[in-house]
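Remarks on the structure that follows.
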Amino acid sequence: MKQFIERLEKKHHSEFHLLSDEMEIIYPKLQLTHKTETTSKPDCKFLQLVCLEFKPKKIIEIGTWIGSSAYSMANATKETGAIIYTCDNKDEFVDTECTLSNRIKTFPGTWSTKFLENNENLKNTDFIFNDAHINTIDCSHIYDRANNSFIFTTHDYFNSTGNFDKGYIAIQSMIHILKKKNALYDLYLPDEEWYYDGHVGINGCTALLICKKA
């Protein structure tokens with residue numbers, strides 16, 4: 001993962017840091033209403049880098065909470081105008097009324113399985129970010145709705161104590177589906193020691209799969 005992030009940071013350096021500065025205006029607005037934990041800025045920067053590299057046009061996010069990661073991905077996909085379909089079993093999303101909000105389609109009070117089963121808008125998705133507890137059933141639905149080539153990335157591969165967390169389960173579940181479908185994939189896993197220190201300001205608890213259907 002370290003070399004992967006270094007390569008992307010070098011390739012997209014100027015644009016990446018400009019996006020990071022823009023998000024420093026938005027992040028405080030998200031927490032004005034909700035004084036709560038959210039996806040860390042380093043992890044949001046990771047998502048921005050990956051979006052800059054792969055330029056998705058349609059994104060699924062599972063677990064939006066107040067919207068830190070959704071806004072970060074929206075900001076990093078201004079070039080493609082990507083639409084982000086995001087669900088959460090609670091209703092905490094903050095509409096900042098900025099132009100980025102127009103591309104974030106929220107499904108509050110909706111569990112992941114219901115969201116993935118019944119939403120025809122999710123067809124041909126090319127980027128998935130998970131920040132929730134999902135299983136192989138959810139991953140099967142994701143696979144069915146994804147493009148022939150797609151990115152699957154998930155938060156909290158490790159927790160603050162260094163133990164495997166929900167992201168580990170999500171990665172294993174998706175790999176199970178990929179193998180079952182004879183799909184190809186490249187796996188990038190975080191290094192445990194990055195959890196606190198990060199790398200070029202990017203946290204190390206997010207894992208990523210680059211997937212290609214058979």
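These numbers were taken from a predicted model, which means no experiment stands behind them.
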- If we only count heavy atoms from C-beta on, is the His12 to His17 side-chain gap below 4.5 Å?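 No, too far: nothing below the 4.5 Å cut-off.
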
Is there a donor-acceptor contact under 3.5 Å from the side chain of [X] to the main chain of [Y]?
| X | Y | answer |
| --- | --- | --- |
| Lys123 | Ala146 | no |
| Arg103 | Ile83 | no |
| Asn135 | Ile137 | yes |
| Asp95 | Glu97 | yes |
| Lys57 | Thr77 | no |
| Ser20 | Phe16 | yes |
| Ser173 | Ile171 | no |
| Arg145 | Leu116 | yes |
| Asp88 | Thr64 | yes |

- Query: Does a salt bridge link Lys166 with Asp156, judged by any charged N lying under 4.0 Å from a carboxylate O?
  - Reply: yes

- Query: Would Ile60 and Trp111 show up in the same hydrophobic cluster when neighbours are defined by side-chain heavy atoms closer than 4.5 Å?
  - Reply: no

- Do the ring centers of Phe158 and Phe164 come within less than 6.0 Å of each other? yes

Between [Y] and [X], is there a side-chain donor-acceptor contact under 3.5 Å, judged purely by atom types and distance?
| X | Y | result |
| --- | --- | --- |
| His13 | Glu9 | yes |
| Asp43 | Thr206 | yes |
| Ser101 | Tyr71 | yes |
| Ser72 | Asn75 | no |

- Item | Test side-chain contact (heavy atoms from CB on, under 4.5 Å) applied to Ser112 and Asn89, Asp138, Ile142, Asn130, the passing residue |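 The passing option is Asp138.
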
- Under 6.0 Å from the six-membered ring centre of Tyr143 and within 45° of its axis: does the NZ or CZ of Lys213 meet both?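 Pair Lys213/Tyr143 counts as cation-pi.
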
